[in-house]
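Here's the structure we're looking at; comments come further down.
Counting starts at 1 for both ligands and their atoms, in listed order.
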Amino acid sequence: MKFKKKILCIGAGYVGAPSNVMIACKCPDYKVTVVDINPQRIDAWNSDSLPVYEPGLDEIVKKTRGKNLFFSTDIDNQIKENDIIFVCVNTPTKTFGTGAGMAADLQYWEKTARQILENSKSSKIVIEKSTLPIKTALAMERILASGKGDITFDVLSNPEFMAEGTAIHDLENPDRVLIGSRETPNGLAARAQLVEIYSRWVSPEKIITSNIWSAELSKLVANAFLAQRVSSINSISALCEKADADISEVARAVGMDSRIGSKFLKAGIGFGGSCFKKDILNLVYLCHFYGLPQVAAYWESVVKINEYQQERFITNILQSMFNTLAGKKICILGFAFKADTGDTRESPAINITRMLLAEHAEVVISDPKALGNAAVDLAHNEGRISYIEDPYQATAGCHALAIMTDWDLYRKLDYRKIYKSMIKPAFIFDGRNIIDQHKCFEIGFNVFPIGKPALTRL
Ligand code: NAD
Ligand code: UGA
């Protein structure tokens with residue numbers, strides 16, 4: 001079949017693969033190829049057991065793979081063959097040298113830029129989809145312009161706003177698609193080509209265009225604002241616990257103000273995921289770089305409150321359980337950073353587990369999708385850890401259970417049955433406020449919610 005356009009995605013991770021699977025699905029006349037340096041990942045994308053769990057993803061991969069969607073490790077040849085390239089490689093926080101612990105590590109990004117330059121025999125549109133510091137497109141342009149030939153490269157910024165667990169829904173029904181470009185004739189023509197792709201399924205008023213630096217910065221700012229709401233409500237949850245208010249009631253009352261809105265006001269053990277912390281720290285680093293220490297301190301406090309929320313949670317467990325956890329068995333219900341994903345990157349459960357192990361507790365980890373990743377995250381931790389998927393088996397014989405992920409499954413468990421199998425007095429620390437806390441108290445548990453008075457007989 002002759003395809004109308006050929007699109008390449010470099011980086012077959014949580015963003016690159018699903019976002020390009022969606023393009024393949026919506027544009028059957030386009031050939032979409034997703035490449036990665038990691039052959040195991042590509043093998044998994046070509047298998048029946050995909051490397052990323054997302055509701056609805058399996059179905060659209062099955063519908064398109066082998067027709068107009070392909071996964072490959074042959075990066076060099078694919079760069080030669082394709083004219084539109086999405087770059088979706090990882091951009092983690094730098095762990096070494098200048099900016100360690102804050103700035104974005106751009107080594108994978110730069111390697112890709114050089115690889116595009118080396119292998120290109122024709123002009124290309126190169127699209128930043130990874131989340132990047134402002135002005136990264138300039139670095140990309142400079143690298144690509146350093147070649148000897150007369151081919152040209154147009155760099156666009158098209159940050160991705162999908163969230164894990166709802167990726168397919170978000171990609172299919174985005175709140176907006178943002179495309180930043182140079183305002184030159186070439187830049188505008190490149191932008192039009194990308195608009196044409198999204199127009200296949202996104203209505204025109206939701207496809208917004210901007211200058212390239214605004215697009216890069218908007219992505220960091222969107223994540224910073226979302227994380228800030230979580231930290232804001234979590235900071236108030238600490239006050240509620242002291243002053244007998246109920247954080248769910250406060251969030252409801254505050255969120256009904258249409259100027260504030262009700263989303264992202266759910267108190268819990270803090271935000272996780274690969275991006276919020278990394279992107280805020282990146283923003284903080286940029287503010288310092290541009291000589292704005294007050295602005296940097298403002299955003300850094302969002303991360304500090306997130307850490308404080310986890311420390312509060314563990315202190316609460318320790319104090320409620322008579323100031324010693326040594327030898328006690330505690331079940332962590334949920335290890336993923338949020339429901340409907342197997343992703344555990346920056347999951348609060350990692351820190352909480354480590355703090356429990358430091359107190360010499362024995363920890364049982366349970367999760368419907370994330371046990372493999374949990375075992376990797378905790379591989380180098382000393383202490384007694386076991387991994388049991390079935391929540392009833394996992395909680396049996398435990399002194400306490402701590403809910404770390406808002407899996408729907410945990411709302412619906414038979415807590416009477418669980419209570420019977422646990423050591424008494426039995427404790428629930430509901431880090432997501434998802435269970436019927438009063439009912440569990442009536443069953444016999446001592447219940448410790450977030451941002452609400454504890455329900456305890458002790
Ligand atoms: P990821 O680690 O899941 O995937 C990145 C992939 O890039 C990996 O498979 C890696 O092997 C591959 N890669 C690295 N260097 C490469 C190279 N030189 N050539 C080919 N492949 C290479 O990361 P992710 O979660 O998909 O995130 C990617 C980017 O998207 C980040 O900048 C992130 O901030 C951003 N983002 C992520 C999400 C999310 O929900 N995870 C949402 C929006 C934006
Ligand atoms: C987030 C953003 O929502 C996406 O728009 C963005 O594209 C993505 O980051 C990214 O750049 O990677 P994601 O991290 O997948 O998506 O998930 P969220 O739903 O934003 O949740 C992040 C964390 O905040 C989770 O740990 C979640 O449990 C927590 N959270 C969220 C709360 O504690 N309370 C809330 O009210 C909402």
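Here Arg191 pairs with nothing under the salt bridge (Lys or Arg N to Asp or Glu O under 4.0 Å) rule; sequence neighbours left out. Not a single ring pair (Phe, Tyr, Trp, His ring centres under 6.0 Å) links Phe313 to another residue, sequence neighbours left out.
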Where does ligand 1 get N/O contacts under 3.5 Å from the protein, atom by atom?
from: ligand 1; atom 1: 3 (O); to: Tyr14; atom 2: N; distance (Å): 3.2
from: ligand 1; atom 1: 3 (O); to: Arg41; atom 2: NH1; distance (Å): 3.2
from: ligand 1; atom 1: 4 (O); to: Arg41; atom 2: NH1; distance (Å): 3.4
from: ligand 1; atom 1: 9 (O); to: Asp36; atom 2: OD1; distance (Å): 3.4
from: ligand 1; atom 1: 9 (O); to: Asp36; atom 2: OD2; distance (Å): 2.6
from: ligand 1; atom 1: 9 (O); to: Arg41; atom 2: NH1; distance (Å): 2.7
from: ligand 1; atom 1: 11 (O); to: Asp36; atom 2: OD1; distance (Å): 2.6
from: ligand 1; atom 1: 21 (N); to: Ile37; atom 2: N; distance (Å): 3.4
from: ligand 1; atom 1: 25 (O); to: Arg345; atom 2: NH1; distance (Å): 3.4
from: ligand 1; atom 1: 25 (O); to: Arg345; atom 2: NH2; distance (Å): 2.9
from: ligand 1; atom 1: 26 (O); to: Tyr14; atom 2: N; distance (Å): 3.0
from: ligand 1; atom 1: 26 (O); to: Val15; atom 2: N; distance (Å): 2.9
from: ligand 1; atom 1: 32 (O); to: Thr91; atom 2: OG1; distance (Å): 2.5
from: ligand 1; atom 1: 32 (O); to: Thr131; atom 2: N; distance (Å): 2.9
from: ligand 1; atom 1: 34 (O); to: Thr131; atom 2: OG1; distance (Å): 3.4
from: ligand 1; atom 1: 34 (O); to: Lys278; atom 2: NZ; distance (Å): 2.6
from: ligand 1; atom 1: 40 (O); to: Glu164; atom 2: OE2; distance (Å): 3.3
from: ligand 1; atom 1: 41 (N); to: Glu164; atom 2: OE2; distance (Å): 2.9

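Formation of a donor-acceptor pair under 3.5 Å by the Gln310 side chain with backbone atoms of Ile352 is not found in this model.
For Arg229 and Phe271, the positive end is not near the middle of the six-membered ring at less than 6.0 Å and at most 45° from its axis.
Residues Leu50 and Arg65 form a side-chain contact, since some pair of their non-hydrogen atoms from C-beta on lies under 4.5 Å apart. At a threshold of 4.5 Å between non-hydrogen side-chain atoms, the residues Leu117 and Phe153 count as touching.
Using modelled atom types, one finds a donor on one side chain and an acceptor on the other under 3.5 Å when comparing Asn158 with Tyr198. Neither side chain, Gln78 nor Asp74, offers a donor N or O lying under 3.5 Å from an acceptor on the other.
Protein residues with any heavy atom under 4.0 Å from ligand 2: Glu160, Phe161, Met162, Ala163, Glu164, Lys219, Asn223, Leu226, Val230, Phe264, Leu265, Lys266, Phe271, Gly272, Cys275, Phe276, Phe337, Lys338, Arg432.
Looking at Asp154, Ile127, Leu156, Ile125 one by one, the single match for side-chain contact (heavy atoms from CB on, under 4.5 Å) with Gln193 turns out to be Ile125.
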